Structure formats: C-alpha cells, structure tokens
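Counting from 1, the numbers follow the sequence of the chain as shown. Basis for what follows: all heavy atoms, side chains included, without hydrogens, waters or symmetry-related copies. Computed from a predicted structure; not experimentally measured.
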Amino acid sequence: MPVNARIGNMLVGDGGKPLLIAGPCVIESESLTLSIAEAIAKLPITREFHFVFKASFTKDNRSAGDSFRGPGRDEGLRVLEKVRDTVGCPILSDVHSEDDVRAVAPVLDV
C-alpha cells in the first residue's frame with residue numbers, strides 16, 4: 001500500500017519525487033536566510049526534488065552554552081514565514097517544546 005503525505009501543497013511518498021531538505025542550521029539574519037532559500041530554490045536539482053527549506057529559530061543543542069542559538073521563536077517564525085511567502089517552498093524547523101506547537105503551526109509545514 002503506497003504511503004503518501006502532504007507537505008505544503010506537495011504530495012510526497014511512494015513513487016513521487018524525493019525530498020530535498022536544505023537550509024542553514026540556524027537563522028542568523030533575515031537577509032542571509034532569504035538569500036540561502038532563494039539560492040537553493042534556483043538550483044537545477046530542485047526540478048527533480050520537492051524542496052523543503054529547513055532552518056532553526058532556536059538551537060537548543062549547542063555544545064557551548066554561550067554559542068549563538070538563533071533569533072528566538074517569534075522573530076524566527078517571522079523570517080521563516082517571509083521565506084515561505086517569497087520563495088514559495090514549504091518550511092521545516094525544530095520545535096523544542098510542546099508550548100511552541102500552537103505558535104509554529106501557522107508557519108511550519110513540517
């Protein structure tokens with residue numbers, strides 16, 4: 001029995017295009033994140049794959065406690081929403097807390 005799922009407006013699963021999940025580890029700035037998403041979306045390989053953009057708004061798993069962890073949930077979601085609306089690709093990010101689920105649901109596709 002085929003296994004299919006919807007990610008954004010894409011149907012993925014058995015027999016379909018494979019997923020290309022790509023993006024920076026963490027959002028560093030709006031302009032950098034948007035330029036990375038646009039550059040990936042323009043790659044010829046994206047014609048052969050379903051492209052899902054992935055970046056974290058908060059990186060909780062840094063090895064050093066004083067490492068840059070991202071812009072935080074609210075600013076990060078604003079940036080990811082701009083990427084989705086500008087580039088037209090589904091968005092994936094890490095969610096580290098059940099408390100974040102309601103806030104991220106309108107922006108994240110995965």
Side-chain angles (χ1 to χ4, degrees):
M1 176 173 184
V3 176
N4 294 301
R6 187 159 297 284
I7 298 176
N9 62 359
M10 301 179 305
L11 185 62
V12 297
D14 294 343
K17 291 181 180 180
L19 289 176
L20 171 64
I21 299 173
C25 179
V26 67
I27 296 168
E28 293 190 31
S29 71
E30 176 183 320
S31 62
L32 180 60
T33 303
L34 190 55
S35 68
I36 291 169
E38 289 171 331
I40 295 168
K42 290 178 184 174
L43 292 172
I45 196 169
T46 60
R47 288 184 225 118
E48 301 171 33
F49 289 78
H50 288 301
F51 169 46
V52 177
F53 184 77
K54 194 266 184 203
S56 296
F57 50 85
T58 301
K59 258 335 222 192
D60 284 347
N61 56 351
R62 294 290 192 196
S63 57
D66 59 349
S67 293
F68 178 71
R69 296 180 54 196
R73 185 185 74 191
D74 295 340
E75 175 62 10
L77 288 175
R78 186 192 67 74
V79 171
L80 292 173
E81 185 172 32
K82 185 165 185 179
V83 168
R84 184 192 65 207
D85 294 346
T86 302
V87 179
C89 58
I91 303 295
L92 175 131
S93 189
D94 305 308
V95 179
H96 297 281
S97 167
E98 284 183 44
D99 296 336
D100 288 336
V101 172
R102 287 192 199 282
V104 304
V107 177
L108 302 184
D109 297 287
V110 181

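- With sequence neighbours excluded, the residues that form a side-chain contact (heavy atoms from CB on, under 4.5 Å) with Ser31 are Ser29.
- Remark: Ile21 engages Leu19, Val52, Lys54, Leu92 in a side-chain contact (heavy atoms from CB on, under 4.5 Å) (not counting sequence neighbours).
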Please tabulate, for the side chains in residues 97-110, all donor-acceptor contacts under 3.5 angstrom to protein atoms that are two or more places apart in sequence or on a different chain.
| from | atom 1 | to | atom 2 | distance (Å) |
| --- | --- | --- | --- | --- |
| Ser97 | OG | Asp99 | N | 3.1 |
| Asp100 | OD1 | Arg73 | NH1 | 2.9 |
| Asp109 | OD2 | Ile91 | N | 2.8 |

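- Using a distance-only test at 3.5 Å, with no hydrogens or angles considered, a donor-acceptor pair links the side chain of Ser56 to the main chain of Cys25.
- Between Leu34 and Val79 there is no side-chain heavy-atom pair separated by less than 4.5 Å.
- Atom NZ of Lys82 is surrounded by 12 or fewer heavy atoms from other residues, nucleotides or ligands within 6.0 Å.
- Taking both residues in full, the closest heavy atoms of Val83 and Ala37 are given as CG1-CB, 3.5 Å, listed atom of the first, atom of the second, then distance.
- Expressed to the nearest 0.5 Å, how far CG of Asn9 lies from NE2 of His50 amounts to 9.0 Å.
- Residues Phe53 and Val87 have side chains not in contact (no heavy-atom distance under 4.5 Å, counting atoms from C-beta outward).
- At a threshold of 4.0 Å, the pair Glu81-Arg78 does not count as salt-bridged, since none of the basic side-chain nitrogens sits closer than that to a carboxylate oxygen.
- Annotation for Ala41 and Thr46: closest pair O-OG1, 3.1 Å, computed over non-hydrogen atoms.
- Taking every heavy atom of both residues into account, Ala55 and Ser93 meet most closely at O-OG, 2.7 Å.
- Put simply, CZ on Phe57 and NE2 on His96 are 7.0 Å apart, with the number rounded to the nearest 0.5 Å.
- A pairwise comparison of heavy atoms in Ile27 and Gly76 identifies CD1-O, 3.6 Å as the closest pair.
- Cluster annotation: Val95 and Leu77 are assigned to the same hydrophobic cluster (Ile/Leu/Val/Met/Phe/Trp/Tyr, side-chain heavy-atom contacts under 4.5 Å, transitive).
- Atom CD in Glu30 sits 10.5 Å away from atom CG in Leu80 (nearest 0.5 Å).
- By the 4.5 Å heavy-atom criterion applied to side chains, Leu32 and Pro24 are not counted as neighbours.
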